[in-house]
2 protein chains.
Amino acid sequence: MRFTTRTEYGLICLIYMAHQKDGHPITTKEIVSGEGFSLTFTEKILQKLRLAKIVESLQGNHGGYVLARSPSKINLREIVEALEGHTFDVFCEPKTRNDIVCNHFHLCGLKPIWRKTKDLLDGFFEDITLEQIASKNDMNLEKSAQVAKKALL
Amino acid sequence: MRFTTRTEYGLICLIYMAHQKDGHPITTKEIVSGEGFSLTFTEKILQKLRLAKIVESLQGNHGGYVLARSPSKINLREIVEALEGHTFDVFCEPKTRNDIVCNHFHLCGLKPIWRKTKDLLDGFFEDITLEQIASKNDMNLEKSAQVAKKALL
DNA sequence: ACCAAACCAGACTACTATAGTCCAGTTTGA
DNA sequence: TCAAACTGGACTATAGTAGTCTGGTTTGGT
């Protein structure tokens, strides 16, 4: 199980924005030239982040992208959900897996496990802010995990 | 992020085995006719479980598959690792992502987050046994999550 | 007014992994 | 010796990822 490169690239773009001084916009080109990403692909990722209201765009000459909020108010869960659709897909749930619905609701204990897996990840990611990600040091992930854990009880 | 159908099918196969009386082997055909799975695909999954020493096969007439150990001694982590390769792939780690190595080790805080995500999932899955999965009721997943959490500290 | 720099958007394509199929074995109990 | 089962490898179809390509629209500066 892994996240796609969309999430990886998107996070790096967001780190670039978090590092900008006084809300100055950064252009797709600047990020791309620093990272060697594809320009058009990166644009698509930034559009997803814009539609999710995580970043805002400034069109026209001297335009670019800025964070829609302070990095401390943006958490990893919403970033992942914007770029992946969900943190963890609880399959064998009605409607998912194109109508191939699990017929074991009363037979096996799989679904509650996937449900809890999603809760665990949601809680963990929710407590990690872009500020922490961008600052790198001393992230105290243990505390985040603790919070994620407690939320399950 | 989701697990593949391999894991879903594989788990259901294991639940069938756990439900067998007195170590009587179950055949691929029996599982397939009960679930509507593809025969040859299910065989492949059972081979993976055999190579991982989670199940044992009995060849020849009246053969089939049995659990290699008691369901209480088989945990979800090893099942997932047998069928998916890993619970969560820590990318941006040297060697992964076919030699496209992340060049931000000193710039961003992404890797430790993915590392902790893997630890969190590993711990959570490790504490869930096939016995619990097959018995369905009263799984006390909260306790498993608690243990997973503690292991991070 | 115009131009260039940037974002915007949709259709298209290449590649890879998943989810299978097919077939030719080998093993074993009756 | 036969049939029921597992074994194993090569093959295929489909879907999703990771892009490309093209033609826009918006805006600041001159």
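Because only heavy atoms are used, hydrogens play no part in the values below, and waters and symmetry mates are left out as well, while side chains stay in. Below, chains carry the letters A, B, ... as their sequence lines are ordered, and counting in each starts from 1.
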Whole-Å gap separating [atom2] ([N]) and [atom1] ([X]):
| X | N | atom1 | atom2 | value |
| --- | --- | --- | --- | --- |
| A:Arg2 | D:dA18 | CZ | P | 9 Å |
| B:Lys48 | D:dT7 | NZ | P | 15 Å |
| A:Phe41 | C:dT13 | CZ | P | 18 Å |
| B:Glu43 | D:dA5 | CD | C1' | 9 Å |

Report task. Look at the rings of B:Trp114 and B:Phe88 and say which category their plane angle falls in: under 30° parallel, 30 to 60° tilted, over 60° perpendicular. Result -> tilted
Query raised in the report: When the ring planes of A:Phe41 and A:Tyr9 are compared, do they come out parallel, tilted or perpendicular, using 30° and 60° as the limits?
Result: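 Judged by the thresholds at 30° and 60°, the geometry between A:Phe41 and A:Tyr9 is perpendicular.
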Between [X] and [N], is there a contact of a side-chain N or O with OP1 or OP2 at under 4.0 Å?
| X | N | answer |
| --- | --- | --- |
| B:Tyr65 | D:dA5 | no |
| A:Gln47 | C:dC8 | yes |
| B:Arg50 | D:dT7 | yes |
| A:Ser57 | C:dA6 | no |

Among the nucleotides [options], which one has an atom lying closest to any side-chain atom of [X]?
| X | options | result |
| --- | --- | --- |
| A:Lys44 | C:dG20, D:dG9, D:dT20 | D:dT20 |
| A:Gln59 | C:dC8, D:dC6, C:dA19 | C:dC8 |
| B:Asn61 | C:dG10, D:dA4, C:dG20 | D:dA4 |
| B:Ser38 | C:dT21, D:dT7, C:dG10 | C:dT21 |
| A:Thr4 | D:dG8, C:dA4, D:dA18 | D:dA18 |

Requested in this report: Would you mind classifying the nucleic acid contact of B:Thr40 as base, sugar-phosphate or nothing, using non-hydrogen atoms under 4.0 angstrom?
Outcome: base
Query raised in the report: Within the structure shown, what part of the strands sits under 4.0 Å from A:Thr27 by heavy-atom distance: base, sugar-phosphate, or nothing?
Result: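 The answer is sugar-phosphate, as A:Thr27 gets under 4.0 Å only of primed atoms, P, OP1 or OP2.
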Requested in this report: Please confirm whether the backbone N or O of B:Gln132 pairs with a side-chain atom of B:Thr129, one donor and one acceptor, at under 3.5 Å?
Outcome: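 Checked: pair present.
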